[in-house]
Amino acid sequence: MTTALHPDAAVSGDHASAETARQPYAYRRRPLEEPDWRRLPGWRDVTRDEWESAQWQRAHCVKNLRQLRQVMGDRLDERFYADLERDHAERATMSMLLPPQMLNTMDSSSTGAFYADPVRRYMLPVFSDRRTDWPSHPHASRDSLHEAEMWAVEGLTHRYPTKVLAEILPTCPQYCGHCTRMDLVGNSTPNVDKHKFTVKPPDRLGAMLDYLRRTPGVRDVVVSGGDVANMPWPRLESFVGSLLDIDNIRDIRLASKALMGLPQHWLQDDVRAGMERLAAKARERGAQIAIHTHVNAAQSVTPLVAKAARAMLDTGIRDVRNQGVLLRGVNDTPEALLDLSFALLDEAGIMPYYLYMCDMIPNSEHWRLAVWEAQELQHAIMGYLPGFATPRIVCDVPYVGKRWVHQLADYDRERGISYWTKNYRTGLELSDPDALTRRYEYHDPIYTLPEAGREWWRERSEAA
């Protein structure tokens with residue numbers, strides 16, 4: 001026998017709809033769509049076979065204004081191109097590189113729609129997007145997380161006790177405007193002369209493997225760059241296979257925004273077959289392989305992205321996870337974050353994992369949120385997703401690492417300075433007696449502060 005808790009309340013379709021309407025966020029399953037690329041004048045005659053070819057996508061990436069004009073035809077006003085050109089000359093830290101797959105998900109129905117589009121805002125930034133009062137925070141730096149300072153060997157950052165980051169190459173199939181590794185990744189711009197690796201790739205990768213063989217305390221390797229999709233598959237498979245030959249390596253995470261920006265790459269037969277071999281080898285020795293991608297807006301999750309994610313899961317790897325970045329004007333509302341999370345989880349089998357606060361790199365203030373805003377967003381998205389699939393919003397604190405946004409030790413809201421502690425030493429601090437008691441600072445965007453806080457920063461800026 002079943003007893004109704006509320007016998008007077010009829011459980012009808014209308015009642016359920018009314019209940020949903022009263023919630024701050026209403027869940028609706030939204031089938032994925034691949035926008036018709038043929039609506040764009042430059043791709044009017046592109047066939048489906050061409051569109052689904054990784055080679056065609058790479059060959060037709062948009063790298064400059066001339067190519068963007070060819071694709072868009074007369075859909076954008078001249079003012080947008082002038083805005084874009086000025087940004088490249090005066091502000092951009094990353095060069096332009098857009099795969100057709102990614103450009104196709106932007107709303108180009110009008111110039112106004114293109115300006116407002118969330119994917120455009122971080123993949124194709126223009127001068128009018130940027131702050132004019134504080135384009136950069138006074139504490140912004142090219143390598144804002146000090147990763148190069150923590151290189152054990154060139155390209156291998158050993159920040160956490162049991163984990164390392166292997167930057168195996170300095171290029172990607174696409175360049176995000178907010179890239180945290182803007183000092184190393186991609187081509188130089190008029191504003192940024194990029195740093196270069198000095199050791200030849202085979203020697204650099206060999207040195208990484210040698211370090212890991214003699215450092216048994218490391219169990220987890222994030223293989224990144226750049227983007228692993230830009231490394232020829234045989235070379236990537238060889239490196240990952242060599243990692244699996246090291247007894248202490250238990251977890252390998254392959255970082256690739258291209259799973260979203262260039263899913264065609266991950267659907268190639270040789271890549272799928274190679275991933276099956278790596279997944280089988282991992283299983284044999286009790287290790288795990290996962291892919292981490294980088295999706296910031298629900299519209300980027302298309303049927304091809306879902307197909308690529310499922311193809312990778314079918315190879316036998318442990319998981320495909322998303323590490324997005326919290327960006328103003330892109331995904332800074334509870335609705336945008338929940339729409340993104342449900343699109344990833346329900347339609348593509350991608351686990352919502354982390355949402356990083358945008359790092360303090362030059363010319364990024366218009367993207368960054370204050371810690372208190374991130375805390376409010378974390379609160380707002382709780383309770384809608386399963387706990388295991390609720391993304392954690394984290395602040396990557398310089399010299400510390402990832403911290404959940406509610407883990408700060410103290411917070412000066414007026415001056416926008418949050419203080420953080422840590423429970424481990426990086427390679428820089430092995431002999432530092434104060435590393436575990438020191439408080440490390442992170443800084444909110446100055447324009448989010450009350451007037452007293454803004455004045456405090458103005459005075460120090462003028463004095464400097």
Peer 1: About how many Å separate CZ of R131 and NE2 of H366, when rounded to the nearest 0.5 Å?
Peer 2: 10.0 Å

Peer 1: Are any side-chain N or O atoms of D107 and backbone N or O atoms of D117, one a donor and one an acceptor, separated by less than 3.5 Å?
Peer 2: no

Peer 1: So does E33 have more than 12 non-hydrogen atoms from other groups sitting under 6.0 Å from CD?
Peer 2: no

Peer 1: Using salt bridge (charged side-chain N to carboxylate O under 4.0 Å, His left out) as the criterion, list what pairs up with E50, not counting sequence neighbours.
Peer 2: none

Peer 1: Is the count of non-hydrogen atoms from other residues, nucleotides or ligands lying under 6.0 Å from D269 atom CG greater than 12?
Peer 2: no

Peer 1: If you count the non-hydrogen atoms of other residues, nucleotides and ligands that lie under 6.0 Å from NZ in K200, is the total more than 12?
Peer 2: no

Peer 1: E276 vs R272, test: salt bridge (charged side-chain N to carboxylate O under 4.0 Å, His left out). Steps then yes/no.
Peer 2: CA-CA 6 Å; E276 287 180 356; R272 295 167 76 163; over 6 Å; no

Peer 1: Just how far is it from atom CH2 of W134 to atom CZ of R368, taken to the nearest 0.5 Å?
Peer 2: 12.0 Å

Peer 1: Which distance, rounded to the nearest 0.5 Å, do you find between the CZ of R425 and the CG of D434?
Peer 2: 9.0 Å

Peer 1: Do Y440 and R438 pair up side chain to side chain, a donor and an acceptor below 3.5 Å, judged on atom types alone?
Peer 2: yes

Peer 1: Where does the angle between the aromatic ring planes of Y122 and H294 fall among parallel (under 30°), tilted (30 to 60°) and perpendicular (over 60°)?
Peer 2: parallel

Peer 1: For Y81, does the six-membered ring have the charged nitrogen or CZ of R69 within the cation-pi criterion, i.e. under 6.0 angstrom from the centroid and within 45° of the normal?
Peer 2: yes

Peer 1: Distance check, rounded to the nearest 0.5 Å: T157 atom OG1 versus L145 atom CG?
Peer 2: 9.5 Å

Peer 1: How are the rings of W37 and W51 set to each other: parallel, tilted or perpendicular (split at 30° and 60°)?
Peer 2: parallel

Peer 1: Set out, in order, the CA-CA distance, both residues' side-chain angles and the distance that settles side-chain contact (heavy atoms from CB on, under 4.5 Å) for L377 and I393, then state yes or no.
Peer 2: CA-CA 8 Å; L377 285 169; I393 301 180; 3.9 Å; yes

Peer 1: Are side-chain N/O atoms of Y353 and D319 paired as donor and acceptor at under 3.5 Å?
Peer 2: no

Peer 1: Step through it carefully: locate the ring centre of F80, locate the ring centre of F114, and say whether they are under 6.0 Å apart.
Peer 2: yes

Peer 1: For W420 and S418, test the side chains for any donor-to-acceptor distance below 3.5 angstrom and give the result as yes or no.
Peer 2: yes

Peer 1: Determine, stepwise, if the pair Q55 / Q268 fulfils side chain to side chain donor-acceptor pair (under 3.5 Å).
Peer 2: CA-CA 10 Å; Q55 183 177 358; Q268 294 177 109; over 6 Å; no

Peer 1: Going from CE on M351 to CG on L313, what distance comes out if it is rounded to the nearest 0.5 angstrom?
Peer 2: 9.5 Å

Peer 1: So, taking the atom named NE2 in H146 and the one named OH in Y399, what distance separates them when rounded to the nearest 0.5 Å?
Peer 2: 4.0 Å

Peer 1: Taking CZ in R219 as the centre, count heavy atoms belonging to other residues, nucleotides or ligands within less than 6.0 Å. Is the count above 12?
Peer 2: yes

Peer 1: Hey, does the side chain of R39 reach the backbone of N104 with a donor-acceptor pair shorter than 3.5 angstrom?
Peer 2: yes

Peer 1: Which heavy atom of G177 sits nearest to which heavy atom of P125, and what is that distance?
Peer 2: CA-CG, 4.3 Å

Peer 1: Count the heavy atoms belonging to other residues, nucleotides or ligands that lie under 6.0 Å from NZ of K281, then report whether that count exceeds 12.
Peer 2: yes

Peer 1: For Y424, which residues count as a ring pair (Phe, Tyr, Trp, His ring centres under 6.0 Å) partner, sequence neighbours excluded?
Peer 2: Y160

Peer 1: Assess the side chains of E34 and T302: does a donor N or O sit below 3.5 Å from an acceptor N or O?
Peer 2: yes

Peer 1: Check step by step if side chain to side chain donor-acceptor pair (under 3.5 Å) holds for H265 and R58.
Peer 2: CA-CA 9 Å; H265 169 81; R58 289 184 186 273; 3.3 Å; yes

Peer 1: Which residue in the set L165, L254, I252 passes side-chain contact (heavy atoms from CB on, under 4.5 Å) when paired with V222?
Peer 2: L165

Peer 1: Compute both the distance and the angle, then confirm whether R204 meets the cation-pi test with F197: under 6.0 Å from the six-membered ring centre, within 45 degrees of the axis.
Peer 2: yes

Peer 1: Looking at E85, I'd like to know if its CD atom is crowded, meaning that more than 12 non-hydrogen atoms belonging to other residues, nucleotides or ligands lie closer than 6.0 Å.
Peer 2: no

Peer 1: Is the Y354 ring parallel, tilted or perpendicular to the Y356 ring (thresholds 30°, 60°)?
Peer 2: perpendicular

